[in-house]
K.L.:
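First the structure, then my questions, so here it is.
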Amino acid sequence: QLQLVESGGGLVQPGGSLRLFCTASGFSLDRYIIGWFRQAPGKEREGVLCISSNGYGTEYADSVKGRFTISRDNAKNMVSLQMNNLKPEDTAVYYCAADYDPYLPTCKMRRTYASWGQGTQVTVSS
């Protein structure tokens with residue numbers, strides 16, 4: 001079974017930055033669409049952004065445009081999420097997810113992702 005591991009979460013003040021990482025064991029990420037999702041207490045899980053397997057296609061939620069950036073380093077088998085200008089409403093557990101699709105040059109958050117990580121907590125508070 002594919003295993004994804006998120007890391008990099010923590011506590012940060014409003015306006016601060018964090019970088020999350022999604023790494024894989026047992027398989028190569030370069031043939032997978034990767035999505036980042038988050039779930040705040042009492043709220044439904046929502047898509048944050050995604051990146052195609054070749055790295056050229058991305059989709060961002062309106063709430064994070066201009067602040068979050070997704071990138072992938074297939075040589076390191078890693079996808080990262082750079083979060084800048086963090087706001088209290090960004091507080092959530094962040095999950096990365098993967099779905100096999102080596103040919104699609106785009107990505108959509110609204111698709112079924114087959115594999116999920118356990119999540120990493122991001123707390124934005126003063």
Side-chain angles (χ1 to χ4, degrees):
Q1 185 173 346
L2 310 181
Q3 289 189 329
L4 298 170
V5 178
E6 303 93 340
S7 61
L11 173 64
V12 63
Q13 292 186 343
S17 298
L18 277 176
R19 192 175 185 95
L20 305 183
F21 300 93
C22 176
T23 56
S25 61
F27 68 103
S28 176
L29 282 176
D30 64 358
R31 302 179 74 78
Y32 288 79
I33 291 174
I34 303 298
W36 280 98
F37 298 80
R38 66 186 181 185
Q39 187 165 21
K43 294 187 177 181
E44 292 187 354
R45 186 175 64 198
E46 63 173 348
V48 179
L49 25 60
C50 63
I51 189 166
S52 62
S53 58
N54 64 9
Y56 294 123
T58 57
E59 183 182 48
Y60 289 75
D62 288 342
S63 59
V64 305
K65 283 181 180 177
R67 301 189 298 122
F68 290 13
T69 304
I70 188 171
S71 60
R72 63 190 307 153
D73 187 337
N74 287 336
K76 294 183 179 178
N77 212 29
M78 176 188 298
V79 174
S80 62
L81 172 59
Q82 178 67 42
M83 305 186 295
N84 298 327
N85 191 22
L86 282 160
K87 304 175 181 180
E89 52 263 42
D90 295 318
T91 295
V93 178
Y94 283 70
Y95 301 88
C96 68
D99 200 42
Y100 183 81
D101 199 329
Y103 307 113
L104 192 66
T106 60
C107 72
K108 291 294 182 184
M109 290 180 282
R110 292 182 67 86
R111 64 179 287 154
T112 300
Y113 286 80
S115 301
W116 292 79
Q118 295 299 308
T120 185
Q121 177 70 46
V122 172
T123 302
V124 185
S125 175
S126 56

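Everything quoted here is computed from the prediction, not taken from an experiment. Heavy atoms only: backbone and side chains are in, while hydrogens, waters and symmetry mates are out. The chain is numbered in sequence order, starting from 1.
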K.L.:
What residues form a side chain to side chain contact (heavy atoms under 4.5 Å, CB included) with Leu104, not counting sequence neighbours?
P.N.:
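With neighbours one apart ignored, the set is Ile33, Asp101, Thr106, Arg111.
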K.L.:
What are the two closest heavy atoms between Cys22 and Trp36, and how far apart are they?
P.N.:
CB-CZ2, 3.6 Å
K.L.:
Side-chain contact, heavy-atom cut-off 4.5 Å: Asp99 with Thr112?
P.N.:
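Answer no - side chains too far apart.
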K.L.:
In the single-linkage hydrophobic clustering (I, L, V, M, F, W, Y; side-chain heavy atoms under 4.5 Å), do Leu49 and Leu4 co-cluster?
P.N.:
yes
K.L.:
Nearest 0.5 angstrom please: Arg45 CZ to Met109 CE, how far?
P.N.:
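Here the rounded value is 12.5 Å.
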K.L.:
Are the side chain of Gln3 and the backbone N or O of Ser25 linked by a donor-acceptor pair below 3.5 Å?
P.N.:
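No, Gln3 side chain to Ser25 backbone: no donor-acceptor pair under 3.5 Å.
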K.L.:
Report the distance from atom OG1 of Thr91 to atom CD of Gln121, rounding to the nearest 0.5 Å.
P.N.:
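The CD atom of Gln121 is 7.0 Å from OG1 of Thr91, to the nearest 0.5 Å.
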K.L.:
Of all the heavy-atom pairs spanning Ala97 and Phe37, show the shortest one and how long it is.
P.N.:
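Shortest heavy-atom separation between Ala97 and Phe37 comes out as CB-CE1, 4.0 Å.
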K.L.:
Tell me whether the count of non-hydrogen atoms from other residues, nucleotides or ligands lying under 6.0 Å of CD in Gln118 goes above 12.
P.N.:
no
K.L.:
In Å, rounded to the nearest 0.5 Å, how long is the span from SG of Cys50 to CD of Glu59?
P.N.:
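Taking SG in Cys50 and CD in Glu59, the distance rounds to 5.0 Å.
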K.L.:
If you measure from the Lys or Arg side-chain nitrogens to the Asp or Glu carboxylate oxygens, is any gap between Lys65 and Asp62 under 4.0 Å?
P.N.:
yes
K.L.:
Not counting sequence neighbours, which residues clear side chain to side chain contact (heavy atoms under 4.5 Å, CB included) with Lys76? List them please.
P.N.:
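For Lys76, the residues satisfying side chain to side chain contact (heavy atoms under 4.5 Å, CB included) (neighbours in sequence not counted) are Asp73, Met78.
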K.L.:
Under a 4.5 Å side-chain heavy-atom rule over Ile, Leu, Val, Met, Phe, Trp and Tyr, are Ile70 and Leu29 clustered together?
P.N.:
yes
K.L.:
Taking the side chain as every heavy atom from C-beta outward, state whether Asn54 and Arg72 have any atom pair closer than 4.5 Å.
P.N.:
no
K.L.:
How would you list all residue pairs meeting ring pair (Phe, Tyr, Trp, His ring centres under 6.0 Å) that involve residues 63-110, not counting sequence neighbours?
P.N.:
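Sorted pair list: Tyr32-Tyr100.
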K.L.:
Please list all pairs passing the side-chain hydrogen bond (donor to acceptor under 3.5 Å, both in side chains) test where one or both residues lie in residues 7-18, with sequence neighbours left out.
P.N.:
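Sorted pair list: Ser17-Asn84.
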K.L.:
Can you see which heavy atom on Pro105 is nearest to which on Ser52, and at what distance?
P.N.:
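Between these two residues, the closest heavy atoms are O-OG, 3.5 Å.
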K.L.:
In chain order, what residues pass the side chain to side chain contact (heavy atoms under 4.5 Å, CB included) check against Ser126, with sequence neighbours excluded?
P.N.:
Pro14
K.L.:
Does any part of the side chain of Phe27, heavy atoms only, come nearer than 4.5 Å to the side chain of Ser115, both counted from C-beta?
P.N.:
no
K.L.:
Quick check for you: to the nearest 0.5 Å, what is the distance between Glu46 atom CD and Gln39 atom CD?
P.N.:
9.5 Å
K.L.:
Side-chain heavy atoms nearer than 4.5 Å, only ILVMFWY residues, links allowed to pass through others: does that put Leu2 and Ile51 together?
P.N.:
yes
K.L.:
Are the side chains of Tyr60 and Thr69 in touch, meaning some heavy atoms are under 4.5 Å apart?
P.N.:
yes
K.L.:
Please answer whether the main-chain N or O of Gly119 pairs with a side-chain N or O of Glu6 as donor and acceptor at a distance below 3.5 Å.
P.N.:
yes
K.L.:
Are Val48 and Leu18 in one and the same hydrophobic cluster, where Ile, Leu, Val, Met, Phe, Trp and Tyr link if side-chain heavy atoms are under 4.5 Å apart?
P.N.:
yes
K.L.:
Please list, chain by chain and in numerical order, all residues satisfying side chain to side chain contact (heavy atoms under 4.5 Å, CB included) with Ser28, sequence neighbours excluded.
P.N.:
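Only Asp30, Asn77 meet the side chain to side chain contact (heavy atoms under 4.5 Å, CB included) criterion with Ser28.
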K.L.:
Can you check whether Arg67 reaches Met83 side chain to side chain, under 4.5 Å on heavy atoms?
P.N.:
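No - every pair of side-chain heavy atoms lies 4.5 Å or more apart.
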K.L.:
Are Val64 and Phe21 in one and the same hydrophobic cluster, where Ile, Leu, Val, Met, Phe, Trp and Tyr link if side-chain heavy atoms are under 4.5 Å apart?
P.N.:
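Looking at the clustering, Phe21 is in a separate group from Val64.
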